[in-house]
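The next block holds one structure in the form of structure tokens; read it before the comments.
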Number of protein chains: 2
Amino acid sequence: MRGNLNLLSEMKGHPVTAHRQLLLHLIRNAHDHIDAKELYRRGANEEESISLSTVYRNLQVFKKLGLVEERRLGQMRCYYEIKQKPEHHHLVCQRCGKIVDFESPLIRKLMDEVQHQHGFNVTKK
Amino acid sequence: MRGNLNLLSEMKGHPVTAHRQLLLHLIRNAHDHIDAKELYRRGANEEESISLSTVYRNLQVFKKLGLVEERRLGQMRCYYEIKQKPEHHHLVCQRCGKIVDFESPLIRKLMDEVQHQHGFNVTKK
DNA sequence: GTGAGAATGAGAGGCAATCTCAATCTTCTT
DNA sequence: AAGAAGATTGAGATTGCCTCTCATTCTCAC
Ligand SMILES: [Mn+2]
Ligand SMILES: [Mn+2]
Ligand SMILES: [Zn+2]
Ligand SMILES: [Zn+2]
């Protein structure tokens with residue numbers, strides 16, 4: 001169930017460890033935005049426990065491999081989610097922290113405007 | 001020069017201390033986005049030295065009074081600038097950290113769209 | 001000038017994230 | 001299938017930004 005065969009090719013040369021399988025499983029089954037501490041908490045409930053270092057380290061690896069996207073939402077921590085094909089952005093409630101996915105054609109127009117006016121290639125936010 | 005008479009009314013009941021005059025002076029003369037540590041460093045060069053606690057505390061006060069705006073740019077720290085009349089946004093270079101002010105009518109259209117589609121009143125970013 | 005109440009400094013504390021390094025695991029080579 | 005090279009892991013130390021605590025000092029209305 002969790003032993004994903006595709007994972008081997010997705011990891012592009014990086015060793016496929018039990019921890020990495022567990023972490024990707026947890027992120028894929030989160031079905032929303034999840035932070036490192038919560039991943040650590042959920043990982044601790046599984047048969048293989050996991051350290052916080054490993055969570056942080058592998059989130060960086062997944063990010064680099066293009067499997068996961070890091071979202072710098074709210075004030076303090078980063079949230080993570082499986083990388084989606086159509087790019088999207090986020091609304092964060094200042095009161096309760098609720099995160100809502102957001103899409104609009106205006107975003108692309110805005111990014112084009114930034115590119116033309118300032119030469120910036122927009123990658124975040 | 002630094003002893004600003006308007007400041008008394010701007011502070012709306014909060015005591016006008018030498019530290020607050022110095023901090024507002026430093027922010028106003030920075031002419032760009034400045035962080036707490038840099039304010040502390042520049043404050044230490046003046047006749048009155050200043051503690052990091054006082055920098056952070058007063059930035060919160062200035063923010064609350066509407067004199068200064070807090071910008072959560074980059075990864076780690078907040079930057080501060082004098083509150084501008086026409087709202088603006090920012091571009092941050094991922095390589096060197098350079099911050100560029102940015103304005104566009106598309107921003108307002110986007111904020112309106114968010115308001116209508118999701119009921120969010122956009123306040124940041 | 002006095003006094004009530006607010007601001008300050010120095011250091012402790014909080015929290016997310018990174019780093020260190022010895023022990024363990026993966027994978028490649030025989 | 002065993003061995004070896006190289007990558008990963010855990011635990012705890014460390015960093016960086018920021019807030020909190022509280023005894024002392026300052027501000028301002030009277
Ligand atoms: Mn999302
Ligand atoms: Mn600005
Ligand atoms: Zn909410
Ligand atoms: Zn740059």
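Residue numbers start from 1 in every chain, and the chains themselves are labelled A, B, ... in the order their sequence lines are given, proteins ahead of strands. Remember, predicted model here, so these are calculated numbers, not experimental data.
The end-to-end axis angle of the helix from C:dG1-D:dC30 to C:dT30-D:dA1, rounded to 10 degrees and based on five pairs per end, is 30°.
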Query raised in the report: What one-letter contact string describes nucleotides 12-25 of chain C from 5' to 3', where B marks a base within less than 4.0 Å of any protein heavy atom, S marks contact via sugar-phosphate atoms alone, and - marks no contact?
Result: ----SBBBB-----
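The separation between B:H14 atom NE2 and D:dC26 atom C1' is 16 Å, rounded to whole Å. One can place NZ of A:K64 at 14 Å from P of D:dA7, the figure rounded to the nearest angstrom. Atoms CG (B:L73) and C1' (D:dC17) sit 15 Å apart, rounded to a whole Å. Atom CZ of A:R20 is separated from atom P of D:dG10 by 11 Å (rounded to the nearest Å). Put simply, OH on B:Y79 is 14 Å from P on D:dG16, counting in whole angstrom units. Atom CD1 in B:I50 sits roughly 18 Å away from atom P in D:dT25 (whole-Å rounding). Distance B:Y40 OH to D:dT19 P: 16 Å, rounded to the nearest Å. As a whole-Å value, the separation of A:L7 CG from D:dT8 C1' is 15 Å.
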Requested in this report: Assess whether salt bridge (Lys or Arg N to Asp or Glu O under 4.0 Å) is satisfied between A:E69 and A:K63, documenting all intermediate values.
Outcome: CA-CA 6 Å; A:E69 282 191 298; A:K63 197 172 59 162; over 6 Å; no
**Report entry** Step-by-step ring pair (Phe, Tyr, Trp, His ring centres under 6.0 Å) determination, B:H33 to B:Y80
**Finding:** CA-CA 5 Å; B:H33 313 81; B:Y80 298 84; over 10 Å; no
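Not one N or O on the side chain of A:H25 forms a donor-acceptor pair closer than 3.5 Å with the backbone of A:Q21.
Between B:T54 and C:dG9, a side-chain N or O to OP1/OP2 separation shorter than 4.0 Å is present.
Counting all heavy atoms, side chain and backbone alike, A:M111 lies closest to A:V122 at CE-O, 3.6 Å. Between B:S104 and A:L110 the shortest heavy-atom distance is OG-CD1, 4.0 Å.
Contact check on A:R72 versus A:E70 returns a salt bridge, with a Lys/Arg side-chain nitrogen under 4.0 Å from an Asp/Glu carboxylate oxygen.
Between the side chains of A:H88 and A:E81, at least one donor N or O sits under 3.5 Å from an acceptor N or O. No side-chain N or O of A:H89 forms a donor-acceptor pair with one of A:D101 less than 3.5 Å apart.
Atoms OG1 and CD1, on B:T17 and B:I50 in that order, are 7.5 Å from each other to the nearest 0.5 Å.
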